[in-house]
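The figures that follow rest on heavy atoms only: side chains count, while hydrogens, waters and symmetry mates do not. We count residues from 1, following the sequence as given.
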Amino acid sequence: MKANNWITALIVMLVGILLIVWHQRIDILNWIVIAVGITLIVPGLYSFISAIVRKGEKYKEKTDYSAASSTIVASLGAIALGVWMSLSPGFFVGLLAYIFGAILILYGVFHIIVVAVWSRPVILPWWYYIIPVLMIIAGVIILCTSVRTMNSVVVLITGISLVASSVNTILEIAGTSPTRVKSTTEQ
């Protein structure tokens, strides 16, 4: 399996562990919103500056001025949204929790597809389906619950689900390695 799958699984596990450790902090979702806002500001500034530089290069004939103009507008939008998220995170906390729930549902469905279809010709045991189903259930619980009243529970459920998902991914990677695939010539 590619190194990207291992790196992704380890990053998901790290984020899940951090969410589990910090779930009691009342403002954890605010800090996550601020971090997302900063991750919008930084590439927005980079795109804005590079588009301004491209637009300023009038002596080059290959410069696409309409693309530079649309990049400037998009980057200003990203910067504005990032600043808004960083300065007023409370507005986005509920939205972020619902996004966590939706991601858990989508990630659970993705893992079921991986276990059922993409890991062929290997047929993985039934217990590989437990964690994806639990992730879907956790996502539905998050979507059906008022986030304002259960801030730490949303973070804890998301953290546990991310750690379990990364463990499941590592098991899938190890379980579908080429050494475990039955040869079609062997009977």
In sequence, state the C-alpha distance, the side-chain angles, and the governing distance for L156 and L19, and then conclude on side-chain contact (heavy atoms from CB on, under 4.5 Å). CA-CA 6 Å; L156 184 63; L19 288 176; over 6 Å; no

I170/M13 under side-chain contact (heavy atoms from CB on, under 4.5 Å): CA gap, chis, key distance, verdict: CA-CA 10 Å; I170 291 170; M13 182 179 287; 4.2 Å; yes

Could you give me the CA-CA distance, side-chain angles and deciding distance for S166 and L162, then say whether side-chain contact (heavy atoms from CB on, under 4.5 Å) is met? CA-CA 6 Å; S166 66; L162 289 176; over 6 Å; no

Check step by step if side-chain contact (heavy atoms from CB on, under 4.5 Å) holds for V33 and L95. CA-CA 10 Å; V33 169; L95 178 66; over 6 Å; no

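A pairwise comparison of heavy atoms in S86 and I41 identifies OG-CD1, 4.0 Å as the closest pair. Nearest heavy-atom pair across Y129 and V115 is CZ-CG1, 3.4 Å.
The distance from atom CZ of F92 to atom CD1 of I99, rounded to the nearest 0.5 Å, is 9.5 Å. Once rounded to the nearest 0.5 Å, the distance linking CG of L18 with CD1 of I32 reads 9.5 Å. Interatomic distance, I137 CD1 to I142 CD1, rounded to the nearest 0.5 Å: 12.5 Å. Here I141 contributes atom CD1 and L134 contributes atom CG; the two are 9.5 Å apart, rounded to the nearest 0.5 Å.
A heavy-atom distance below 4.5 Å is not found between the side chains of L104 and I136. You'll find the side chain of M85 reaches within 4.5 Å of the side chain of L40, heavy atoms only.
Residue pairs satisfying the side-chain hydrogen bond (donor to acceptor under 3.5 Å, both in side chains) criterion with at least one member in residues 103-117, sequence neighbours excluded, are listed as follows: H111-S165, H111-T169, H111-E172.
Note on V21: it clusters hydrophobically with V15, by side-chain heavy-atom contacts below 4.5 Å among ILVMFWY residues. Using a 4.5 Å cut-off between side-chain heavy atoms of Ile, Leu, Val, Met, Phe, Trp and Tyr, with links allowed through other members, Y46 and F48 fall into different hydrophobic clusters. Criterion: ILVMFWY side-chain heavy atoms under 4.5 Å apart, direct or through other members. Under it, L106 and I103 are not part of a common hydrophobic cluster.
Other residues sharing a hydrophobic cluster with I34 under the 4.5 Å side-chain heavy-atom criterion for ILVMFWY residues are W31, I38, V42.
S50 places a side-chain N or O within 3.5 Å of a backbone atom of S47 that can act as its donor or acceptor partner.
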Please output the side-chain donor-acceptor pairs of residues 72-84 that fall under 3.5 Å, not counting sequence neighbours, one pair per line with the distance.
{"from": "S75", "atom 1": "OG", "to": "T71", "atom 2": "O", "distance (Å)": "2.9"}
{"from": "S75", "atom 1": "OG", "to": "I72", "atom 2": "O", "distance (Å)": "2.9"}

